[in-house]
Protein chains: 2
Amino acid sequence: MNIGDVATLSGLPAKTIRYYEDIGFVKPLRSQNGYRIFRESDAHKLAFLGRARALGFSIEDCRNLLALYEDERRASAEVKDIAGQHLKRIDRKIAELVEMRATLAHLFEACAGDHRPDCPILADLATKGPDGEVLDRTG
Amino acid sequence: MNIGDVATLSGLPAKTIRYYEDIGFVKPLRSQNGYRIFRESDAHKLAFLGRARALGFSIEDCRNLLALYEDERRASAEVKDIAGQHLKRIDRKIAELVEMRATLAHLFEACAGDHRPDCPILADLATKGPDGEVLDRTG
DNA sequence: ACTTGACCTTCCAGTAGGTGGAAGCCTTAT
DNA sequence: ATAAGGCTTCCACCTACTGGAAGGTCAAGT
């Protein structure tokens, strides 16, 4: 298979597949004309990676997951641990975004959004610190 | 004020403040020894940026918000529009993460997490495409 | 045989938003 | 005098790709 075929099969752009070769995820053969030749197993791996990335796993996680996938003697506990840590990261990220969203939605509602310059959004940005605490500017 | 003072005031690392100077957010004066000298207004701006970044606005958004902030004749509608677009981006991101989380949590629950190799998480990664559709590997 | 267009190759640069570190000057206190 | 801490610049690195240039290859059509 050429790179285009495996790109279609795995759903990954050819550029990304070349990048994945660079970082050692796949090691396709080469034909005489220099083209990469992918085996079934390469296509399989790339699809695995595509799915793992789509679930938000980092490249490093993917490396570990791939190693476990190929290790017949793995303990599922190791996989579960990686997934668990990722789940925690996702939860933290969601919490962060939800908080941002709440603050922002509040400001958005309070803003008239007309031709006048008065704006609670700018007022917030100008008078609060990173964590939303009111800054003292009386000095 | 030296950079350390304004770092303390704004809550931003000195490194970040230098970076913000690089990209044109602030233009501190220089004293004879080469040290940056920040005015009140610079500290003010940097705090504004810190808060905007904490609310997830991009650097480009910050540039626009800062311009509006400094424009006495702004229409709040412009600010509201920027905030509204950002709100939409946040909502999309949250939706994406929530979906990831659901899939992952499901797999996490299904995995025994013991010494055995059988693992629904790996099985999912191996048999599904980026969007979770089952791949045909009968060929 | 020749051309066209779709593939494929490598390599370099850039994205966002900083962060880390080295090498070296300045200031202040002891 | 010296040591600590603050300041400077510059360069590299981080994640995970993506875009583009310059050029080789292949299959189809004329």
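The chains referred to below are lettered A, B, ... by the order of the sequence lines, with proteins before strands, and numbering in each begins at 1.
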Inset, instruction - Compare side-chain N and O positions of B/Arg36 against OP1 and OP2 of D/dC7 and report whether any pair is under 4.0 Å apart. - result: no
Inset, instruction - Ignoring hydrogens and angles, answer whether the base of C/dG21 and the side-chain atoms of B/Lys15 contain a donor-acceptor pair closer than 3.5 Å. - result: yes
Legend entry - Euclidean distance, atom CZ of residue B/Phe57 to atom P of C/dA16 [Å, nearest integer]: 17 Å
Inset, instruction - Choose from C/dG17, C/dT9, D/dA16 the nucleotide whose nearest atom is closest to any side-chain atom of B/Tyr19. - result: C/dG17
Inset, instruction - Indicate whether OP1 or OP2 belonging to D/dT9 is found under 4.0 Å from a side-chain N or O atom of B/Arg30. - result: yes
Inset, instruction - Select from B/Phe38 and A/Gly56 the residue whose nearest nucleotide in DNA chain D is closer to the 5' end of that strand. - result: B/Phe38
Inset, instruction - May I have the distance from A/Leu29 (atom CG) to C/dC8 (atom P), rounded to whole angstrom? - result: 16 Å
Legend entry - Which nucleotide in D/dT8, D/dC17, C/dG18 has an atom nearest any side-chain atom of B/Ile3: D/dT8
Inset, instruction - Consider only side-chain N and O atoms of B/Asn64 and B/Glu60, and report whether a donor and an acceptor are under 3.5 Å apart. - result: no
Legend entry - Whether B/Tyr20 and B/Phe25 hold their rings parallel, tilted or perpendicular, with breakpoints at 30° and 60°: perpendicular
Inset, instruction - Nearest whole angstrom, please: distance from the C1' of D/dC17 to the CG of A/Asp22. - result: 11 Å
Legend entry - Whole-Å distance separating the CD1 atom of A/Ile23 from the C1' atom of D/dT18: 14 Å
Inset, instruction - Between A/Pro13 and B/Gly4, just flag the one whose closest nucleotide in DNA chain D comes earlier from the 5' side. - result: B/Gly4
Legend entry - Base D/dG24 to side chain A/Tyr35, donor-acceptor N/O within 3.5 Å cut-off: yes
Legend entry - Per A/Tyr20 side chain, nearest of listed nucleotides C/dC8, D/dC17, C/dT9: D/dC17
Inset, instruction - Counting heavy atoms from C-beta on, name the nucleotide in C/dT27, D/dT8, C/dG17 closest to the side chain of B/Asn33. - result: C/dT27
Inset, instruction - Starting from P on C/dT9, measure out to CD on A/Gln32 and report it in whole angstrom. - result: 15 Å
Legend entry - Any donor-acceptor pair under 3.5 Å from A/Asn33 side chain to A/Tyr35 backbone: yes
Inset, instruction - Looking only at non-hydrogen atoms, find the nearest pair between A/Leu49 and A/Cys62 and report the distance. - result: CD2-CB, 3.7 Å
Donor-acceptor contacts, no H, no angles, side chain residues 112-122 of chain A, under 3.5 Å, sequence neighbours left out:
unit_1	atom_1	unit_2	atom_2	d
A/Asp114	OD1	A/Arg116	N	2.9
A/Asp114	OD1	B/Ser76	OG	3.3
A/Asp114	OD2	A/Arg116	NE	2.8
A/Asp114	OD2	A/Arg116	NH2	2.5

Inset, instruction - Compare all side-chain heavy atoms of B/Phe57 with those of A/Leu104 and state whether any distance is below 4.5 angstrom. - result: yes
Inset, instruction - Would you please confirm or rule out a distance under 4.0 Å between OP1 or OP2 of C/dT19 and any side-chain N or O of B/Thr16? - result: yes
Inset, instruction - Starting at atom CG of B/Asn2, determine the distance to atom P of C/dC25, rounded to an integer number of angstrom. - result: 19 Å
Inset, instruction - Would you mind classifying the nucleic acid contact of A/Arg18 as base, sugar-phosphate or nothing, using non-hydrogen atoms under 4.0 angstrom? - result: base
Inset, instruction - Quickly work out the B/Glu21 CD to D/dT9 P distance and round it to whole Å. - result: 7 Å
Legend entry - Contact under 4.0 Å: A/Ser58 side-chain N or O vs D/dT15 OP1/OP2: no
Inset, instruction - Please report, rounded to the nearest Å, how far the C1' atom of C/dC7 is from the CG atom of A/Asp5. - result: 10 Å
